[in-house]
Amino acid sequence: MKIGYPCINRTLDCTCSGTFRLDSYSDARLIHKIEQNLACLQRILEFNVERGILFFRISSDLIPFASHDVNQLDWKEYFADGLVGIGNFVKQGDIRISMHPDQFIVLNSKREDVYRRSVRELEYHGDVLDSMGLDGTAKVQLHVGGVYGEKERSKDRFVERYLKLEPGIRERLVIENDDRSYTVRDCLDIHGRTGVPVLFDYFHHTLNHGGEELRDILEEVTGTWKKKDGVPMWDYSSQMPGERKGRHGEHLGIHDFREFLKKTKGFDFDLMLEIKDKEKSALAALDLLSRES
DNA sequence: AGTTGTCAAGCTAGT
DNA sequence: ACTAGCTTGACAACT
C-alpha cells in the first residue's frame, strides 16, 4: 500500500500549482510560472521519496490556462526535457501519480460548451502524464458529473461521451463516487457499460451509499481495476469535527483511520489522504502502519 | 507588511 | 435568492 497526499506540500516554501490572473497573461509569464511549478514538483517528489511517501496527486494548475484559448504556447515541446526528467524520477522512485480535474470539468453536462471544454481539459491532463512518459497506472480521476434531476439519463450521457474520448485519455480516466450525487453503485453500473475503473472514496461512501455491505462493494470495486491499471486507488478523508457534513478535516483522525484499516484489512490499494495538513497526515499514516505491522 | 477583493470554468444542497 | 463547498487558496492591488 502506498500513501499519498494531494497537490500541496505545506513544509516546503514552494508550490507546484502557482498561477496568475487571466488579465495579466503573457507567454513570458506563463513560461516563468511553469518553470517554477516544475522545479517545485521535483522538490516535493524528492521530499516525499526521502520519507517513504510514494503516492502524489499533481495539481491541475501545473500548466496554467493549459486548455484556454489564450494559451497558444506549445508547452509540451518547450518543457519536454523537464517533463521527461520528472517522469524519470517518478519511475526510478516507484512513485504512483494521479491527477484530479477540478469541478468545472463535467463530461456529462447538458451544456455543449461545458462538454467541449471538459474534453479539452481531460486531454490536457492526459498530455501531462504522457509527456512525463508515465504508463497507464498514472490515473486521471473524475466525478460522474451533474444529475439534472434525471440521474439515469445523465449516466447514459456520461457513458456515450466516455466512449467517444480519445483512447489515450480513456485509458487513464477513472471515476469516483461523490458525496451527494453518484454512489459507488452508480459508478459500478457505469463501469459495466464502459470498463472504466472505479476509484473508491471512503469518506464520500460513508456520506452517500445504498446501504450495501462495505466489503462486498469493495470486492466489486477491486474487480474494476485490471493489471494495466495498477493497484486500485482509494481516497480517504476525515470529517471536520463539529462542521457541516462533508467538510474535510484539518488532521488525520488516528482513531477513525485505525478503524478504517481494520474494516478494509486484506484489500490491496494505494491511498490518497485528502486532509488539510497534507504531508503531515501522510507521515502520521505511514508511522501508524509501520508500528502496527 | 499586512489586508482584502477577486479569480476561467459547474453543480448541488443548505440557508 | 444567495452561498459554501468541492481535490488544493492564492494572486494582486490596495492600505
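- Look at A:Arg161 and A:Glu112 and you find a salt bridge, because one of the NZ, NE, NH1 or NH2 atoms lies within 4.0 Å of a carboxylate O, short of that distance.
- Annotation: C:dA12 and B:dA8 have their P atoms spaced 10 Å apart (nearest Å).
- Side-chain proximity of A:Asp102 to the nucleotides C:dC11, B:dG10, C:dT8 is greatest for C:dT8.
- Atom-to-atom, NE2 of A:His125 to C1' of C:dT8 comes out at 12 Å; the value is rounded to the nearest Å.
- In terms of polar N and O atoms assigned as donor or acceptor, the side chain of A:Arg57 never comes within less than 3.5 Å of the base of C:dT8 in a complementary pairing.
- Each of B:dC11, B:dC7, C:dT8 was ranked by its minimum atom distance to the side chain of A:Tyr148; first place goes to B:dC11.
- Under the 30°/60° scheme for interplanar angles, the aromatic rings of A:His68 and A:Phe65 are found to stand perpendicular.
- For A:Asp113 and A:Arg111, the salt-bridge test passes: some basic side-chain N is under 4.0 Å from an acidic carboxylate O.
- Between A:Lys33 and A:Asp201, the one whose closest nucleotide on DNA chain C sits nearer the 5' end is A:Asp201.
- A donor-acceptor contact closer than 3.5 angstrom is absent between the side chains of A:His255 and A:Glu259.
- In this structure, A:Phe104 counts as stacked on the base of B:dA9 under the 5.5 Å centre distance and 30° plane angle limits.
- The residue among A:Ser24 and A:Ile8 whose nearest nucleotide of DNA chain C is located toward the 5' end is A:Ile8.
- C:dG5 and B:dA9: their C1' atoms are spaced 16 Å apart (whole Å).
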